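One structure is given here, and the rest of the page talks about it.
Source: prediction; values computed, not measured.
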Amino acid sequence: MGRGSVMKRAMARIRQPLTLALGEPFAVPAEKNLYRQFIATPAAYAGQPPLMFHPACLAGRAIRCRPETRDWSSLQDLLFHQFYLPPAVLRQPRVIVDLGCNVGYTAAHLAALYPTARIFGLELDSDNFAMALKNTDPWRERVTLLNAAIW
C-alpha cells in the first residue's frame, strides 16, 4: 500500500468525525455532490465562473468558490476544520479584525457567529478582495473590507 493511499484513508477517518461534530456542512443537500465533484475533478471546472455554495455554518447564505484557485482549500477549512475560530467561545466581541481575509470565508463565518460584532478585514490581493466583497455582502452593514495589507 502506497503512502498516498494511506494518507487518503487517514484523512477520510479524520474527516468523518469532523463532519459529524460540525454537523452537515451544506444547507442545500445537492451541493455536497457538487463539492465532491469539484474536489475530485477540478480541471472539469476550468474556465467556469465561481461555484455557489450555501454552508450551514453561514445559515445557508451564499458564498462563491473560484475554480482554478486555492479557494477550495479555504472552503474546506470553513466546511470541515474551522481552524481559524477562537479556541473558546467568545462572549459577543464588539470588534473582530481579520488580517489577510483572503476571499472572506472567515469574515463571513465570524459575522454569522457574532451578530453584534463589527468586523474589519484586510486583503492585499485584488482578485481575492473582490471575491471577499461578494462573499461578505449579506453582512455588509457590519463587515468592512480594505484592499490593503499590514506588516
Checklist entry - Where is the tightest heavy-atom contact between Leu124 and Ala149, given as atom of each residue plus distance? => result CB-CB, 3.9 Å
Next on the checklist: Donor-acceptor check, side chain of Glu31 to backbone of His54, threshold 3.5 angstrom: yes or no?
Outcome noted: yes
Item to check | Shared hydrophobic cluster for Leu122 and Ile119 (ILVMFWY, side-chain gaps under 4.5 Å) | outcome: no
Next on the checklist: If you apply the rule side chain to side chain contact (heavy atoms under 4.5 Å, CB included), what do you find for Tyr45 with Glu68, and how did you get there?
Outcome noted: CA-CA 8 Å; Tyr45 295 90; Glu68 301 183 280; over 6 Å; no
Item to check | same_hphob_cluster(Phe120, Leu146) at 4.5 Å side-chain heavy-atom cutoff | outcome: yes
Checklist entry - Among the clusters formed by ILVMFWY side chains lying less than 4.5 Å apart, do Tyr35 and Met52 turn up in the same one? => result no
Checklist entry - Cation over ring, Arg66 on Trp72, under 6.0 Å and within 45°? => result no
Checklist entry - Less than 4.5 Å apart, any side-chain heavy atom of Leu58 and any of Phe53? => result no
Next on the checklist: Whether the Gln76 and His81 side chains hold a donor-acceptor pair (N or O, under 3.5 Å, no angle test) is what I'd like checked.
Outcome noted: no
Next on the checklist: Looking at every non-hydrogen atom in both residues, tell me the closest pair between Tyr105 and Asn135 and how far apart they are.
Outcome noted: CE2-ND2, 3.4 Å
Item to check | Where Gly60 and Ala27 come nearest, the two heavy atoms and their spacing | outcome: CA-CB, 3.7 Å
Checklist entry - Tell me, do Asp125 and Glu123 make a side-chain contact under 4.5 Å, heavy atoms counted? => result yes
Next on the checklist: The test is side chain to side chain contact (heavy atoms under 4.5 Å, CB included); show your working for Tyr84 and Asp98 and say whether it passes.
Outcome noted: CA-CA 10 Å; Tyr84 51 81; Asp98 184 1; over 6 Å; no
Checklist outcome for this item: Heavy atoms of Ala111 and Arg142 approach each other most closely as O-NH2, 2.7 Å
Checklist entry - CG of Asp71 to CG of Leu78: how many Å apart, nearest 0.5 Å? => result 12.0 Å
Checklist entry - Given side chains that start at C-beta, do those of Leu79 and Phe26 come closer than 4.5 Å, heavy atoms only? => result yes
Next on the checklist: Applying side chain to side chain contact (heavy atoms under 4.5 Å, CB included) to Val143 and Leu110, what does each step give before you reach the verdict?
Outcome noted: CA-CA 10 Å; Val143 177; Leu110 292 169; over 6 Å; no
Next on the checklist: Treating Thr41 as the side-chain partner and Ala43 as the backbone partner, does any N or O pair qualify as donor plus acceptor under 3.5 Å?
Outcome noted: no
Checklist entry - Does the side chain of Leu145 come within less than 4.5 Å of Thr136's, by heavy atoms? => result yes
Item to check | Sole residue of Val103, Asn102, Asn147 in side-chain contact (heavy atoms from CB on, under 4.5 Å) with Phe129 | outcome: Asn147
Item to check | Pair Lys134-Asp137, salt bridge (Lys or Arg N to Asp or Glu O under 4.0 Å): steps then yes or no | outcome: CA-CA 5 Å; Lys134 292 176 183 174; Asp137 188 60; over 6 Å; no
Next on the checklist: Within the 3.5 Å criterion, strictly below it, is a donor on Thr116 or Arg94 matched to an acceptor on the partner's side chain?
Outcome noted: no
Next on the checklist: Arg64 vs Leu51, test: side chain to side chain contact (heavy atoms under 4.5 Å, CB included). Steps then yes/no.
Outcome noted: CA-CA 5 Å; Arg64 292 148 192 86; Leu51 300 171; over 6 Å; no
Next on the checklist: Looking at every non-hydrogen atom in both residues, tell me the closest pair between Glu141 and Arg118 and how far apart they are.
Outcome noted: O-NH1, 3.0 Å
Checklist entry - If you group Ile, Leu, Val, Met, Phe, Trp and Tyr by side-chain heavy-atom gaps below 4.5 Å, do Leu133 and Met131 land in one group? => result yes
Checklist entry - For the hydrophobic clusters of this structure (ILVMFWY residues joined by side-chain heavy atoms under 4.5 Å, transitively), does one cluster hold both Val28 and Ile63? => result no
Checklist entry - Has Arg36 got its NZ or CZ under 6.0 Å from the middle of the six-membered ring of Phe38, at an angle within 45 degrees of the ring axis? => result no
Checklist entry - In Å, rounded to the nearest 0.5 Å, how long is the span from SG of Cys101 to CG of Asn128? => result 8.5 Å
Item to check | Shortest non-hydrogen contact from Pro50 toward Pro67 | outcome: CA-CD, 3.9 Å
